[in-house]
Colleague: 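The structure that follows is given in the form of structure tokens.
As the structure is a computational prediction, the values presented were derived from the model and not from experiment. Naming convention: chains lettered A, B, ... in sequence-line order (proteins, then strands); numbering from 1 in each chain.
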Amino acid sequence: MPELPEVEVTRKGIAAPLLGARVLEVRLGKPLRRPLGCPPGALAGATLGEITRRGKYLWLPLAAPDGGLLVHLGMSGSLALLERAGEPGPHDHFDLVTDRGTLRLNDPRRFGAVSWSASLDDAPAAALLARLGPEPFDAALTPQSFHAALRARRGALKTVLMAGQAVVGAGNIYACEALFQAGIHPALRADALSRPRAARLLAALRATFARALDVGGSTLRDFSDAHGVNGAYQAEAAVYGRAGQDCRRCGGRIRRIVQAQRSTYFCPSCQRR
DNA sequence: AATGGCGCCTGAACGC
DNA sequence: TGCGTTCAGGCGCCAT
């Protein structure tokens with residue numbers, strides 16, 4: 001469900017209220033994608049530091065006992081910070097009970113994960129984060145470096161965007177939307193993209209993310225933020241989920257193709273190879 | 001080292 | 001109404 005903007009909106013919703021919170025208890029539901037990696041009881045008494053984000057991962061640092069939790073929301077996960085948490089529902093699989101409320105992970109498909117690591121430099125966190133490319137708004141990510149990263153890839157641009165090595169954060173929706181905004185065909189080979197067009201794509205991706213952050217991640221149909229509110233779908237996707245409908249820019253017909261077993265939506269006349 | 005394919009889960013929407 | 005099929009916002013790991 002969440003792409004980078006949604007994860008960042010989630011982080012913003014929980015970072016301040018949980019800073020300095022004391023862990024009282026950890027409750028687990030059904031198994032998630034990977035094991036917690038420590039006995040739940042071992043976290044009691046720890047104090048939460050400032051929650052950070054890397055790609056679509058959240059890092060919840062803990063002190064005394066030291067360590068942290070690396071959280072990924074997968075396809076269908078969402079976090080809510082509840083003042084008074086009721087009994088966990090059938091899809092609530094992780095509760096971090098603190099003296100400032102309960103941070104609850106709801107994840108019907110259970111592709112998400114919560115993993116304890118001694119630090120970001122230790123397993124499993126280090127290995128999971130090691131493969132990630134630069135953050136989209138990192139100043140070190142320039143049109144030049146982005147173009148260079150794309151030139152090292154032979155796959156289709158849309159697939160490469162989603163792989164997260166040239167830049168992190170784009171999922172299926174924002175990859176499609178950014179390519180539309182940049183006027184680039186999703187099946188164009190990454191290493192065939194000219195430098196000006198790479199610059200255009202980076203700008204489009206940043207604009208897409210910035211817009212989503214502005215509206216609080218509510219560009220996604222059923223996203224709900226850390227307070228459980230939202231879900232106000234903006235209905236502003238230009239191409240995603242619009243196969244067969246008219247392109248808002250040229251009036252042509254939006255097409256759906258499959259790339260790497262994922263749906264890709266694009267406008268054949270606005271987006272050129 | 002990059003690439004493509006598969007598996008992990010459940011629920012909603014759709015067609016018959 | 002019920003049943004089967006398809007699809008869904010993401011990784012990780014594996015073989016090549």
Side-chain angles (χ1 to χ4, degrees), chain A residues 1-10 29-35 37 53-58 70-79 89-94 105-115 123-133 148-179 187 189-191 205 208-209 211-213 215-225 230-244 256-265:
Chain A
M1 159 192 275
E3 302 186 29
L4 183 146
E6 290 72 35
V7 177
E8 177 61 15
V9 166
T10 297
K30 287 200 205 172
L32 292 163
R33 183 158 193 201
R34 52 186 67 250
R53 180 193 55 75
R54 179 75 176 93
K56 299 172 192 171
Y57 285 95
L58 291 174
L70 193 67
V71 179
H72 197 287
L73 301 178
M75 288 276 261
S76 58
S78 62
L79 284 171
H91 301 308
D92 296 328
H93 302 303
F94 175 85
L105 173 67
N106 180 274
D107 186 2
R109 293 177 73 180
R110 291 191 280 128
F111 289 171
V114 181
S115 313
L128 293 171
L129 301 182
R131 69 188 80 233
L132 301 183
L150 294 181
R151 279 203 315 198
R153 299 304 211 104
R154 304 150 165 275
L157 253 183
K158 191 263 192 165
T159 305
V160 168
L161 271 185
M162 286 185 65
Q165 299 196 257
V167 58
V168 293
N172 209 27
I173 294 183
Y174 294 127
C176 290
E177 295 298 314
L179 284 164
R189 269 175 56 147
D191 60 358
L205 186 68
T208 305
F209 281 160
R211 168 70 183 148
L213 286 164
V215 299
S218 58
T219 46
L220 299 198
R221 226 171 285 268
D222 57 3
F223 175 71
S224 67
D225 68 14
N230 240 347
Y233 182 48
Q234 299 292 307
E236 65 179 19
V239 288
Y240 185 83
R242 301 191 63 239
R256 171 186 180 267
I257 59 174
V258 174
Q259 296 180 285
Q261 297 132 242
R262 306 296 299 276
S263 290
T264 297
Y265 300 87

Colleague: Please tell me if the side chains of A/E177 and A/Y240 come closer than 4.5 Å, counting only heavy atoms from C-beta onward.
Modeller: yes
Colleague: With sequence neighbours left out, what residues match A/R131 under side-chain hydrogen bond (donor to acceptor under 3.5 Å, both in side chains)?
Modeller: none
Colleague: Starting at atom CG of A/L73, determine the distance to atom C1' of B/dT10, rounded to an integer number of angstrom.
Modeller: 17 Å
Colleague: Do A/R110 and A/K30 come close enough that some side-chain heavy atom pair is under 4.5 Å?
Modeller: yes
Colleague: Can you find a side chain N or O atom of A/H72 that sits less than 4.0 Å from OP1 or OP2 on C/dC11?
Modeller: yes
Colleague: Rounded off to whole Å, could you give me the CD1-to-C1' distance for the A/I173 and C/dG10 pair?
Modeller: 12 Å
Colleague: Kindly write out the residues that satisfy side-chain hydrogen bond (donor to acceptor under 3.5 Å, both in side chains) with A/R153, not counting sequence neighbours, or none if the list is empty.
Modeller: A/Q165
Colleague: With heavy-atom distances below 4.5 Å as the criterion, would you say the side chains of A/D107 and A/L32 are in contact?
Modeller: yes
Colleague: Are any of the side-chain heavy atoms of A/D191 and A/L150 separated by less than 4.5 Å?
Modeller: no
Colleague: In whole Å, I'd like the distance from the CZ atom of A/R262 to the C1' atom of C/dA8.
Modeller: 8 Å
Colleague: Output the residues of residues 151-172 of chain A in contact with DNA chain C, where contact means a heavy atom of the residue under 4.0 Å from an atom of the strand; sort by number or write none.
Modeller: A/M162, A/G171, A/N172
Colleague: Tell me the interatomic distance from A/H91, atom NE2, to B/dT10, atom C1', rounded to whole angstroms.
Modeller: 7 Å
Colleague: Enumerate the protein-to-nucleotides 12-16 of chain B contacts in which both atoms are nitrogen or oxygen and the separation is below 3.5 Å.
Modeller:
none

Colleague: Return the set of residues passing ring pair (Phe, Tyr, Trp, His ring centres under 6.0 Å) with A/F209 (not counting sequence neighbours), or none when no residue passes.
Modeller: A/Y174
Colleague: Heavy atoms only: give me the nearest A/P2-A/G74 pair and the separation to one decimal.
Modeller: CD-O, 3.1 Å
Colleague: Under the side-chain hydrogen bond (donor to acceptor under 3.5 Å, both in side chains) test, which residues partner A/R54, sequence neighbours left out?
Modeller: A/E135
Colleague: Are A/L4 and A/R53 side-chain neighbours, meaning at least one heavy-atom pair lies under 4.5 Å?
Modeller: yes
Colleague: Both distances under 3.5 Å, Watson-Crick or G-U wobble: on that basis, could you give the dot-bracket string for DNA chain C, with [ ] for crossing pairs and | for other-strand partners?
Modeller: .|||||||.|||||||
Colleague: Going by heavy atoms in the side chains, are A/L179 and A/L157 under 4.5 Å from each other?
Modeller: yes
Colleague: Give each protein N/O atom lying under 3.5 Å from an N/O atom of nucleotides 6-9 of chain B, with the pair distance.
Modeller:
| from | atom 1 | to | atom 2 | distance (Å) |
| --- | --- | --- | --- | --- |
| B/dG7 | N2 | A/R33 | NH2 | 2.9 |
| B/dC9 | O3' | A/R110 | NH2 | 2.9 |
| B/dC9 | O2 | A/R109 | NE | 3.1 |

Colleague: A side-chain contact here means heavy atoms from C-beta on lying under 4.5 Å apart; do A/L70 and A/L58 qualify?
Modeller: no
Colleague: Check nucleotides 5-7 of chain C against the protein and report each pair of N or O atoms closer than 3.5 Å, with its distance, or say if there are none.
Modeller:
none

Colleague: Just to verify, what does A/R34 make a side-chain contact (heavy atoms from CB on, under 4.5 Å) with, not counting sequence neighbours?
Modeller: A/A113, A/S115, A/L128
Colleague: Give me the distance, rounded to whole Å, that separates B/dG11 from C/dC11 when you measure between the P atoms they each carry.
Modeller: 22 Å
Colleague: Output the rounded distance in Å from CZ (A/R34) to P (C/dG10).
Modeller: 16 Å
Colleague: Output all residues satisfying side-chain hydrogen bond (donor to acceptor under 3.5 Å, both in side chains) with A/T264, sequence neighbours left out; order by chain, then residue number.
Modeller: A/K158, A/Q259
Colleague: Could you give the CZ-to-P distance, from A/R131 to C/dC14, as a whole number of Å?
Modeller: 11 Å
Colleague: Can you name the side-chain contact (heavy atoms from CB on, under 4.5 Å) partners of A/N106, sequence neighbours left out?
Modeller: A/S78, A/H91, A/D92, A/P108
Colleague: Are A/K56 and A/E6 close enough for a salt bridge, meaning some N to O gap below 4.0 Å?
Modeller: no
Colleague: In whole angstroms, how far is the P atom of C/dC11 from the CG atom of A/L4?
Modeller: 10 Å
Colleague: Starting at CG of A/N106 and ending at P of B/dT10, how long is that distance when rounded to a whole Å?
Modeller: 14 Å
